[in-house]
2 protein chains.
Amino acid sequence: MEAPGLEHRFRERGLRATPQRVAVWREFAERPGSTIREAARRLRGSGIGQATVYRAVRALEGVGLIVRFAAPQGEVRFAAVLEHAHLLVCEGCGAVQPLEECGLGAYESEVARRSRYRVRGHTLIVYGVCPECQEVS
Amino acid sequence: MEAPGLEHRFRERGLRATPQRVAVWREFAERPGSTIREAARRLRGSGIGQATVYRAVRALEGVGLIVRFAAPQGEVRFAAVLEHAHLLVCEGCGAVQPLEECGLGAYESEVARRSRYRVRGHTLIVYGVCPECQEVS
DNA sequence: ATTGATGCAAATAATTTGCACCTTT
DNA sequence: AAAGGTGCAAATTATTTGCATCAAT
């Protein structure tokens, strides 16, 4: 997964686009569903310290460029996202893939109207069993 | 929040409805958005050890009776749910409230058809700013 | 009896911090 | 220079485990 203007997305949300942060984002874009530990171990090879990975994840999660979710066995995993945080997660093998349009716009408006909240976005994680894991079971 | 037949919901998912587990679920139902630490501290008063709280949360999360999500500042928080894991979270004060029907049924079918996954459910977290926090800002 | 749960305390793993140094305004 | 980031190693927190015991089937 590549993203033209990735750096720009960082800046427009008030984050400096440091090489380390970009590398962290890319790591979770290429391997969605990694744990921080796994990502940090790989990034170690690029000279990026684990504290930096934690700090980057926190910063990116804060502006919605990375989402956190519970994997099958309950571990906390992460995935990079661009606009939408819509993921399909396999409960068997833990595979993660992005989902397209969820058509939740109207629903969000409805929620905003009824709750009087200023709605800013949402995270949708769909859980299921992928074709491969279905065969096995 | 009370739930008739709560115990039954545990058992039909293969979990023993021990008093500790029920207490843990209730704690997160009464105070959605608590951290495990907070819940454990309160439950301590009922003689429930922290290891039990962790084990209960893991078990309940596994069968979808508790969901985990990222709060404003990035901490991991939990909330008890019954059928649906639909939550509205305030990014300001961290207040959490359940949401009703999301009408995502058709979308799930669509995802299942296109991905060939056997879809089992989903978690939807809507983020926004509650009326009180809007005034402050 | 047998299996599953629990509490406690100890062990591990995860996450954050202090600090000196480096980069970008 | 000033502000924001980073790496490293050292705290600090969070989570899991071993084990003896209790409860439910």
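Since the structure is predicted, the reported quantities are computational estimates derived from the model, not experimental observations. Here is the naming used below: chain letters follow the sequence lines, and residue numbers restart at 1 for every chain.
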Contacts of A:F28 that satisfy ring pair (Phe, Tyr, Trp, His ring centres under 6.0 Å) - sequence neighbours left out
A:F78
In whole angstrom, what separates B:Q20's CD from D:dC22's C1'?
10 Å
Quickly work out the A:R68 CZ to C:dA14 P distance and round it to whole Å.
14 Å
Can you tell me how far C1' of D:dA23 sits from CD of B:E7, to the nearest Å?
16 Å
Which whole-number value in Å describes the distance from B:R13 CZ to C:dG4 P?
21 Å
What is the distance from CG of B:L43 to C1' of C:dA5, rounded to the nearest Å?
16 Å
B:E30 bridged to B:R26 by N-O distance under 4.0 Å:
no
Please report the distance, rounded to the nearest Å, between CZ in A:F78 and C1' in C:dA14.
11 Å
Are OP1 or OP2 of C:dT6 and a side-chain N or O of B:T18 less than 4.0 angstrom apart?
yes
What I'd like to find out is whether the side chain of B:V126 reaches to under 4.5 Å of the side chain of A:Y117, using heavy atoms alone.
no
Centroid separation A:H122 to A:H84 less than 6.0 Å
no
Over all heavy atoms of both residues, which pair between B:V111 and B:S115 is shortest? Give the atoms and the distance, please.
O-OG, 2.7 Å
For B:P19 and B:I36, take the nucleotide of DNA chain D holding the closest heavy atom to each; which residue's nucleotide lies nearer the 5' end?
B:I36
Charged N to carboxylate O under 4.0 angstrom, A:E38 versus A:R41?
no
Could you run down the sub-3.5 Å N/O contacts of the protein with nucleotides 16-25 of chain C?
{"from": "C:dT16", "atom 1": "OP1", "to": "A:R58", "atom 2": "NH2", "distance (Å)": "2.5"}

Shortest non-hydrogen contact from A:A17 toward A:F10:
CB-CB, 4.0 Å
In whole Å, what is the span from the CZ atom of B:R41 to the C1' atom of D:dA14?
16 Å
C:dG7, C:dA13, D:dA14: which one has an atom nearest the side-chain heavy atoms of B:R37?
D:dA14
A:R21 vs D:dG5: side-chain N/O to OP1/OP2 distance below 4.0 Å:
yes
Taking OP1 and OP2 of C:dT6, is either one under 4.0 Å from a side-chain nitrogen or oxygen of B:R44?
no
